Every structure is written in structure tokens, then in C-alpha cells.
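All remarks here apply to the structure that follows.
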Amino acid sequence: MSLSSTPRVRIAPSPTGDPHVGTAYIGLINFLVARQGGGKFVLRIEDTDRTRFVPTSEQMIFDALRWIGLSWDEGPDVGGPFGPYRQSERTEIYQKHAEILLANGAAYRCFCTPEELEASRKQQIAAKMAPRYAGICRKLSEATIESNLAAGKPFVIRMRVPWEGSTTFRDELRGDITFEHTNVDDQVLMKSDGFPTYHLANVVDDHLMQITDVIRAEEWISSTPKHVLLYQFFGWELPRFWHMPLLRNADKSKISKRKNPVSLVYYRQAGFLPQTVLNFLGLMGGGMPADINNSTEKFTLEEMIQHFSIKNIRLGGPVFDLTKLKWLNGEYLRALSPDDFYTALRSTVLADDYLKEIAALIQTRIETLGQFGDLTGFFFADDILPAPEVFLPKKRTLEETLAFVVEQLTLLEATDWTTAALEPALKQLGDSHGWLVKENFMLLRAILTGSTMSPPLLESMVVFGKARTLDRLRRFLDAQKKSAGQKK
RNA sequence: GGCGCCAUGGUGUAACUGGUUAACACGCCGCCCUCUCAAGGCGGAGAGUUCGGGUUCGAUCCCCGAUGGCGCUACCA
């Protein structure tokens, strides 16, 4: 493999939930680099964490990336010469490579239990030391290892980071970055369940898949020395590293679902056009030349391929500003022909499937068809903000109510979006907090629909969708926070 | 706490790899258009480039330090 050859780049999302805007952002940059260099864009699914695995997630990721217009040359669903592209199907490969490391002493088996590790970590923190693996299993005798193995003791495989020295690597956007080895932990490479961690899988796959440029988010900088060390252990050539700035919430923290809609499903369902999202992402961090960026700020994927330059990326973390996103979307919407605009409506917020599901909810509650809008308005609205008279239960204070909404939100985020899952979860939450089912459900109803009368709550939530429902709750809380701030 | 990264109006970006009254867009304010609201047009407020040193004839741009923000610090990615 030669790094001067045409680029092979990849994105490697984890199927742990909804497709993330951050994935789309990094995907876009990788896509552009691949297209510009006449190279290949690879999609690899990093499903090595079975505790966070969400079965429906992978398909949602495919759909979302295709929706915004990014397509990949190689991936689990389209195949390619370096498959499989799903890490869970490559476990023997990682196993084999872990053994190579074991054999040449670059890695070792660690029999420490999670409890022991936790205790050691606490101790180190108390002693104001940087928490890192204490190294107990670093030099177990061959005999001890054999007997532990024979006894069937579970173990992980850790990389042996040299005690001394440092590792320097080049970040193509920042220059050389150095980490002292005293600050690099003996990272776990293989978990006790036989799956690799990101660090091992990522390095092995990037090498085997002949990735030339690793373009990923900035949060990976601190673990890059581990990756570089692994490449050296294997005697492999390093790819180039490009660390992109992290998308931010309005308060500049790393973008998160708690503070911002982060699911591409949300953006689709809320009625953003794919070209808007793509264009907006292209604005993040710059990269487009001044004459284009400065004059219109509006450009297509094709124009990005034409003019974008990854070397011009700004390193400050850009705030993902919904206000500007909406403006941009408005621009695209207005530019549509009346026919296309109508088609856009009919394929999203007025889609047949959606209308059908809604119709089913109100048929028993309707007297004339003309009342349809009265009964279902909240399904088609974006800004629903009930007044306290509507959402506040009679015997509750504003404070305890809002605190309970936070609990509801946290619960809902973690609950499967079916009535069968939602009902017991919500009821249990209410029970444990001393909230009557009536109060509990009415509160949610008010926030979701803006009214105390509505089609059945749970069914409505399911039809409205998880992403949009959660967004409505978050916006409600934000609005309440703001109005509380104004009163002070 | 330790380590690392970053730093231009409220937000996103621009300013030929040192020379500009620091530009554009979003947002905000006002005016025009108009049956309303948008859209559209016109205009305005808002940063002397986080701060302090240095290099230079000259720093947004180069160097050092401080401060601040962010990230990482898992058998998560």
C-alpha cells in the first residue's frame, strides 16, 4: 500500500441508536475527499459493543446517509473487495491479530476483575494520580497465565505501552502532536467476551481495508497515540490522520441529544430537505473557498466536490445553529417549483402512511371530516408550547412538575418506541415518583399536543415518532427554563 | 486533577502563507412594499480579532505566556 495512491477513506458508525448528524458531517467530509481524489468511500459498521447494540440502528444509518445523498462504494450492504464490513463478522481476524501481539510481547492477558480495576482507579484518583492500568498483569509468569487459563478465568488482552518515551504523530490539520507514554494507558484490545475494542478493530480494519486517510472527529486525538503504537507493533504503515472539529451545542459543548436534535431521523421528519442538511454541514468548519462561501453560502454536493478543500477547515468547534439551518431550509423550500413543493409535503409531513396512522386515531372521535384539523393539529405543527394552566397538574408546583418532565424525558429516551414498551415504563416511573397515571399522562399529553384533549397519548407518540416527540419535550423544557430566567 | 486540542461580532464563515475604514451570511433593530404574516428591497446596531508580552517599519495572521472553551481520561465508540 502506498499513501500516495488514490484515497481510500471510511466512516465507521456504531449502530447504537439513531443516525447522528456528527456521522453525517464526518461522512460528508470523507465522501468529498474520496470523490475529489477519485478514490473510494467505505462504510464500516462498528458493532463490537453488544451491550449498546440496537438492531434497528444499522438500517436507519444506511437510510439516513442515503437520504442526505451520501453513497458508499463499499459497505455491508453493497459489498466490496475488503469485506466483511461489519466488525461483528470479523472477530476471528481480530483474534488472530491479538495473538500476534501476544506472541511478540506487544500485548498481554489481564485477569483483573472489573471490581479490582474500579478499586484501583478510585485509589489513584484519591491520590490525585492519573487513573491508568496499574500493570499488575503486565508481567505474570508463564505458569500463572497457564493456570489462570486452565482455571477458566476470564481475561482481556491489553496493549503493552512502553513505560518510557513518547509517541508523536502528525495531524494533517494541526501538525505534530506528542503524547508522553506516561499518559497513554495500557488499553484493552480484546474484551473478555471475545470482541475487540474500537482501538484494535479500527487499526486492524483500516490497515486491511487499505485506508489511506483516517478522517474522524477531534475526540479521537487523545487515543491516536495508542493507534500509532499498534501500527508500529504490527509493523504497518501509518495512514494520514485528519481530526475534524466537533459540532457543538449553542453553549459550545459537544453536540448532544440533550441540548440539540441530533438524529437525522428528526431532521427528516421535521421537514428539512436533505440538500439543506448537506449544505449546512458543508458550512461547518468552512472548507469552501471564499468567493463561493462568501457570496452565497448555498452550494450543492456537486459544488462541494468541485471546490471544497479539507485543508481549509477551521479548527474551532462550530455551533450547529438551528436558526440558521431553518433559514437555509426556507431558502431551498422557496426555490422549489410549486409542484416540487407539494411533492415534498406529500412525501413527508403529509405522507399517506402518516395520514393513515393519524386517521386511525381520530375516527371514533370525529363527527364531521371538517374537524380533522381540530383534532390533529399538533401532528403537523412544530411549535407547541402549552401554558401552565394547561400542563400544570392542579396539586403540583411548577418546580416539581418540570423536574418530573426531566425524568420522563430521560426515561423516554431509553425506551423502545412502542405502546407496549412505553405504557409500563411510564407507569412505573409515575409510581416511583408518586405521580398518578392521570397526572403523568396528562402532563405528557399537554406538552405533546398543547391541549388536555387529544387522541390516545401513547399511540399519538408512536405515530408522531420518537425523534420529534423527544424534541418537543426538550423544547418545552427549554422554553420553561427561559421564562423562569426572565421572571428572575 | 492529568493530558491534549482550540480561540475573528450572539452564531457560521472571510480577510492573497504580515500592510483592509476587519468583509459576507444568519439572527436582531428600523424603514419600504403590503389586507395580515412571511418573502423581497433598503438601512442600522454589533468584533479592532480573548488578554499580556515578544519578533517586525507594520500583526487577525509568526513566537511565548496567561485566561477561557472543549475533548479524552471505560472490558463505549
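Letters A, B, ... mirror the listed sequences (proteins, then strands); counts begin at 1. Just so it is clear, the model here is predicted, and its values are computed rather than measured.
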Between B:C70 and B:G27 - P atom distance, rounded Å: 27 Å
Are there any protein N/O atoms within less than 3.5 Å of an N/O atom in nucleotides 40-43 of chain B, and if so, which ones and at what distance?
| unit_1 | atom_1 | unit_2 | atom_2 | d |
| --- | --- | --- | --- | --- |
| B:G40 | OP1 | A:Glu331 | OE2 | 3.4 |

Pairing residues for A:Asp478 by the salt bridge (charged side-chain N to carboxylate O under 4.0 Å, His left out) criterion, not counting sequence neighbours: none
Pair listing, salt bridge (charged side-chain N to carboxylate O under 4.0 Å, His left out) test, anchored in residues 335-351 of chain A, at least two apart: A:Arg346-A:Asp352
Distance in angstrom units between A:Arg248 CZ and B:U13 P, rounded: 11 Å
Interatomic distance where CZ belongs to A:Phe308 and C1' belongs to B:U13 [whole Å]: 13 Å
Salt bridge (charged side-chain N to carboxylate O under 4.0 Å, His left out) contacts in which one or both residues fall within residues 20-29 of chain A, not counting sequence neighbours: none
Pick out the pairs of N or O atoms, protein on one side and nucleotides 5-9 of chain B on the other, that lie under 3.5 Å.
| unit_1 | atom_1 | unit_2 | atom_2 | d |
| --- | --- | --- | --- | --- |
| B:C5 | O2' | A:Arg174 | NH1 | 3.0 |
| B:C5 | O2' | A:Glu218 | OE2 | 2.9 |

Footprint string (nucleotides 72-77 of chain B, 5' to 3'): B base within contact, S backbone only, - free, heavy atoms under 4.0 Å: SSSBBB
Set of ring pair (Phe, Tyr, Trp, His ring centres under 6.0 Å) partners for A:Trp220, sequence neighbours left out: A:Tyr198
Any residue meeting salt bridge (charged side-chain N to carboxylate O under 4.0 Å, His left out) with A:Asp321, in chain and number order, not counting sequence neighbours: none
Pair pattern of RNA chain B in dot-bracket, where unpaired bases get dots and | marks partners in another strand, Watson-Crick or G-U under 3.5 angstrom: (((((((..((((.....[...)))).(((((.......))))).....(((((..]....))))))))))))....
Salt bridge (charged side-chain N to carboxylate O under 4.0 Å, His left out) involving A:Arg132 - partner list, sequence neighbours excluded: none
Members of residues 256-267 of chain A that approach RNA chain B, where some heavy atom sits under 4.0 Å away: none
Partners passing salt bridge (charged side-chain N to carboxylate O under 4.0 Å, His left out) against A:Arg268 (at least two apart in sequence or in another chain): none
